[in-house]
Peer 1: 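Before we start, here is the structure in question, set down as structure tokens.
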There are 2 protein chains.
Amino acid sequence: MDENSPLPYWEQLANILRERIRTGEIQHRVPSLNTLTQEFGLSRNTVIKAISALEADGLVVTRQGRGTFVTRR
Amino acid sequence: MDENSPLPYWEQLANILRERIRTGEIQHRVPSLNTLTQEFGLSRNTVIKAISALEADGLVVTRQGRGTFVTRR
DNA sequence: GAGAATTTGTACGTATGTATG
DNA sequence: ACATACATACGTACAAATTCT
């Protein structure tokens, strides 16, 4: 993540994921928490906060034991 | 908190605070994080999650360094 | 204005529970 | 039974904004 940005990590990650969804790089399934924590070097809690922001947007839905999925509209 | 309830602590606390706001017990300012953590014996993070739920409802607004306040409508 | 105290914000690590496949 | 994946919850530390002395 960008250390010099004024945006908190969770918000930077949320923006990156929004962009990946917008461009279609993520079409259906959002990578798992484990994957995202490793890819971005962030803690689990921080990744969860980013995903929660996308959920609040109605951009994705999360299901325990399954994963997080892009909302079709 | 009620150990036997299926509701998570953060949701129980959110419900308690909603009720206190509804009845007017909390009219303006929501107690600080420190106060709530001590009153309910919960961790800071858990209290924050409860407050976040109220914010998502539009029931309160939170301002860094100031506090959390009931939304007037 | 300076400094301390208060209060929320971000972020880490860790552990355990619950649901799915 | 087992592995994977999200959910809850604890503790801790420091940053940032505000308020008080």
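Chain naming here is simple, since letters A, B, ... match the order of the sequence lines and numbering starts at 1 in each. The structure presented is a predicted model; accordingly, all values stated were derived computationally and were not measured.
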Peer 1: What is the distance from CZ of B:Arg29 to C1' of C:dT8, rounded to the nearest Å?
Peer 2: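 Answer to the nearest Å: 11 Å.
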Peer 1: Going by the rule salt bridge (charged side-chain N to carboxylate O under 4.0 Å, His left out), which residues pair with A:Glu19 if we only count those two or more places apart in sequence or in a different chain?
Peer 2: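 A:Glu19 satisfies salt bridge (charged side-chain N to carboxylate O under 4.0 Å, His left out) with A:Arg22 only.
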Peer 1: Hey, which sits more toward the 5' end of DNA chain C by its nearest nucleotide, A:Gln64 or A:Ser43?
Peer 2: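 Comparing both residues, the 5'-ward one is A:Ser43.
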Peer 1: For a quick check of understanding: with a heavy-atom distance under 4.0 Å over all strands, which category does A:Arg63 fall into, base, sugar-phosphate or nothing?
Peer 2: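 Answer is sugar-phosphate: A:Arg63 comes under 4.0 Å of backbone atoms only.
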Peer 1: Taking the side chain as every heavy atom from C-beta outward, state whether A:Thr37 and A:Thr46 have any pair of such atoms under 4.5 Å apart.
Peer 2: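 When only atoms from C-beta onward are counted, A:Thr46 and A:Thr37 do not touch, as no gap falls below 4.5 Å.
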Peer 1: Quick one, B:Phe69 with B:Thr62, criterion side chain to side chain contact (heavy atoms under 4.5 Å, CB included). Give me CA distance, side-chain angles, the key distance, then yes/no.
Peer 2: CA-CA 6 Å; B:Phe69 305 92; B:Thr62 296; over 6 Å; no
Peer 1: Calculate the interatomic distance between A:Ile48 atom CD1 and D:dA5 atom C1'; express it in whole Å.
Peer 2: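 Going from CD1 in A:Ile48 over to C1' in D:dA5 covers 10 Å.
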Peer 1: Rounded to whole angstroms, how far apart are CD on B:Glu11 and P on C:dG17?
Peer 2: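 Distance check: B:Glu11 CD to C:dG17 P gives 20 Å.
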Peer 1: Take the protein atom CD1 of B:Ile51 and the nucleotide atom P of C:dT8, then report the distance between them rounded to whole Å.
Peer 2: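 Whole-Å distance recorded here is 8 Å.
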Peer 1: Side chains of B:Val60 and B:Thr68: does their closest heavy-atom pair fall under 4.5 Å?
Peer 2: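 A side-chain contact exists here, since the closest heavy-atom pair is under 4.5 Å.
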Peer 1: Is the phosphate of C:dT10, meaning OP1 or OP2, less than 4.0 Å from a side-chain N or O of A:Thr46?
Peer 2: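 Answer no for this pair, as no side-chain N or O of A:Thr46 is under 4.0 Å from OP1 or OP2.
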Peer 1: Contact class for A:Leu42 vs. all strands (heavy atom < 4.0 Å): base, sugar-phosphate, or nothing?
Peer 2: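 A:Leu42: backbone/sugar contact only, no base atoms under 4.0 Å.
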Peer 1: Looking at B:Leu54, B:Leu36, B:Thr35, which hits side-chain contact (heavy atoms from CB on, under 4.5 Å) with B:Val30?
Peer 2: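 Among B:Leu54, B:Leu36, B:Thr35, the one that satisfies the side-chain contact (heavy atoms from CB on, under 4.5 Å) with B:Val30 is B:Leu36.
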Peer 1: How many Å lie between NZ on B:Lys49 and P on C:dG9, as a whole number?
Peer 2: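 Between P of C:dG9 and NZ of B:Lys49: 15 Å.
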Peer 1: Could you tell me how far apart A:Arg44 (CZ) and D:dT8 (P) are, to the nearest whole angstrom?
Peer 2: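 So the two atoms are 11 Å apart, to the nearest Å.
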Peer 1: In whole angstrom, what separates A:Tyr9's OH from D:dA13's C1'?
Peer 2: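 The distance from OH of A:Tyr9 to C1' of D:dA13 comes to 15 Å, rounded to the nearest Å.
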Peer 1: Are A:Glu25 and A:Arg18 within salt-bridge range, i.e. N to O under 4.0 Å?
Peer 2: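 Judged by the 4.0 Å cut-off on N to carboxylate O distance, A:Glu25 and A:Arg18 do not form a salt bridge.
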Peer 1: In residues 31-39 of chain B, which residues come under 4.0 Å of DNA chain C by heavy atom?
Peer 2: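 Here the set is B:Ser32, B:Leu33.
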Peer 1: Salt bridge between A:Glu55 and A:Arg63, side-chain N to carboxylate O under 4.0 Å?
Peer 2: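 Judged by the 4.0 Å cut-off on N to carboxylate O distance, A:Glu55 and A:Arg63 do not form a salt bridge.
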Peer 1: Counting only Watson-Crick or G-U wobble pairs whose two distances fall under 3.5 Å, which nucleotide matches D:dA1?
Peer 2: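 Its partner is none (no Watson-Crick or G-U wobble pair with both distances under 3.5 Å).
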Peer 1: For B:Asn45 and D:dC14, give me the distance from atom CG to atom C1', rounded to whole Å.
Peer 2: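 Rounded to the whole Å, the gap is 14 Å.
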